[in-house]
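Note on naming: letters A, B, ... go to the chains in the order of the sequence lines (proteins, then strands), and numbering restarts at 1 for each one. Model, not experiment: these values are computed from the prediction.
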Amino acid sequence: MNADFPDKTTDRTLESDLEEIRSVLADPDSADPPNLLDTAVLNTARRELAANSQAWSRRFSLRWLGAFATASVMILALGLIVQQEQESGPLPNGGTHDATLENDAAPRAVEEVAQKRSLMKKADRDEANISRVAPMAASAPPSADFAVRESADEPAQIKEEADAVASPEEWVGQMLQLKLSDQHARLAEELAAFRATYPDYPLPPELSR
Amino acid sequence: MGERSDEYLMTAFAGGSMEAFERLYARHRGALYRYVLRKVGDPSTANDLYQGAWEKVIRARGKYRRDAPFRAWLYRITYNHVMDFYRRARPEAQVQPDELESTVPGPDQQTEKEARAMSLKNAILKLPPEQKDVLLLKLESGLSIEEIAAVSGIKRETAKSRLRYAVGKLKKSLKEAETSTDNER
């Protein structure tokens with residue numbers, strides 16, 4: 001208490017006077033607030049805290065709901081983007097893609113489609129050839145190079161094996177080998193089959209004779 | 001929670017601890033009540049103002065900064081609350097010290113100690129408001145002169161001077177009370 005009046009001795013007197021006043025005023029009846037007042041103040045504090053915690057939990061739940069909704073929308077959007085990418089290949093203007101990759105992508109895709117189409121056409125053509133060649137192949141002993149199975153009920157397998165049939169050039173080369181090795185009977189069969197398959201293909205003079 | 005500082009308890013209360021507020025309230029209830037009661041004189045008005053001041057403290061808990069001394073903050077809120085009451089109140093609603101004095105029992109009905117206390121209370125009520133503010137803050141809150149100056153919004157030297165005047169007047173009234181008791185004997 002004396003710290004408040006450190007500069008003068010009269011301040012000490014003042015402090016002792018204050019103590020005297022305090023002791024005279026000490027009145028046990030009026031020293032404390034009534035109990036009802038205490039209860040009212042404490043109840044106010046409790047109510048305020050409860051209201052605050054309710055408001056906080058309401059704010060929290062609303063915030064949580066908002067966050068959940070945002071996350072849901074984002075996941076949905078991402079899902080749609082991924083699905084779209086899978087369906088239509090690379091994005092036409094995907095910002096993260098490399099420019100050169102982007103430039104190459106379109107021609108490559110066209111090339112791939114063309115390749116697929118030609119393969120499909122070839123497979124169809126070969127399928128038709130097989131159906132024509134099959135009876136002959138059945139009558140003749142199957143050669144190792146031109147083995148074709150007769151399993152008409154498995155078109156996929158036929159197509160696969162038809163892909164394995166030699167190109168006209170290779171076929172011609174193999175027939176030339178047959179001629180050189182004097183296997184005339186087989187050469188004739190092969191020639192007949194070849195002509196049936198490729199009626200307009202120009203044969204070399206060694207075979208056309 | 002142990003013997004925590006007022007500042008710690010107020011921060012804990014602001015964070016949602018009712019126990020912290022109960023401790024804080026228990027520490028300051030008596031002094032704050034006496035301050036308000038002696039400032040306004042009328043117990044009914046004092047009760048209202050005391051409760052109102054605590055309600056303000058409770059509602060302002062979010063604005064409390066831990067580095068600010070709690071006691072000075074509490075008394076500043078109470079001081080402003082009482083001042084607002086006097087500014088708003090109509091003149092007829094204000095408690096007049098003379099009215100209170102008339103309810104005081106006569107000297108024959110009280111002991112010497114009670115007579116001195118009553119005389120002192122009456123003297124306090126008769127003090128000019130600015131001197132009474134400083135005196136009550138010093139007597140009841142135990143605030144330092146600097147804190148009293150901050151609570152009242154005045155300079156330190158002004159607060160100190162007002163306190164000296166107030167104490168001088170009270171001492172004089174005590175002496176007068178003693179003299180009149182001696183004369184009656």
Check your understanding: Are there residues of residues 46-59 of chain B that reach to under 4.5 Å of chain A by heavy atoms, and which ones?
Key -> B:Asn47, B:Tyr50, B:Gln51, B:Trp54, B:Glu55, B:Ile58, B:Arg59
Review point. So which bits of residues 61-75 of chain B come within less than 4.5 Å of chain A, counting non-hydrogen atoms only?
Key: B:Arg61
Nearest 0.5 Å, please: how far is [atom2] in [Y] from [atom1] in [X]?
X: A:Ile21; Y: B:Leu139; atom1: CD1; atom2: CG; answer: 6.0 Å
X: A:Asp32; Y: B:Arg34; atom1: CG; atom2: CZ; answer: 6.5 Å
X: B:Arg164; Y: A:Thr13; atom1: CZ; atom2: OG1; answer: 9.5 Å

Check your understanding: Is B:Glu140 salt-bridged to A:Arg22, cutoff N-O under 4.0 Å?
Key -> no
**Study point:** A:Leu180 atom CG, over 12 foreign heavy atoms within 6.0 Å
**Key:** yes
Check your understanding: Any side-chain heavy atom of B:Arg29 sitting closer than 4.5 Å to one from A:Val41?
Key -> no
**Study point:** Any side-chain heavy-atom pair of B:Leu170 and A:Asp17 under 4.5 Å
**Key:** no
Review point. Chain A heavy atoms under 4.5 Å from B:Leu32: which part of the residue, side chain, backbone, both or neither?
Key: neither
Practice item. Run the numbers on B:Met18 and A:Leu42 for side chain to side chain contact (heavy atoms under 4.5 Å, CB included), then give the verdict. Key: CA-CA 9 Å; B:Met18 187 60 205; A:Leu42 291 171; 4.1 Å; yes
Review point. Can you list the steps and then say if B:Phe13 with A:Leu49 is a side chain to side chain contact (heavy atoms under 4.5 Å, CB included)?
Key: CA-CA 9 Å; B:Phe13 170 57; A:Leu49 285 185; 3.9 Å; yes
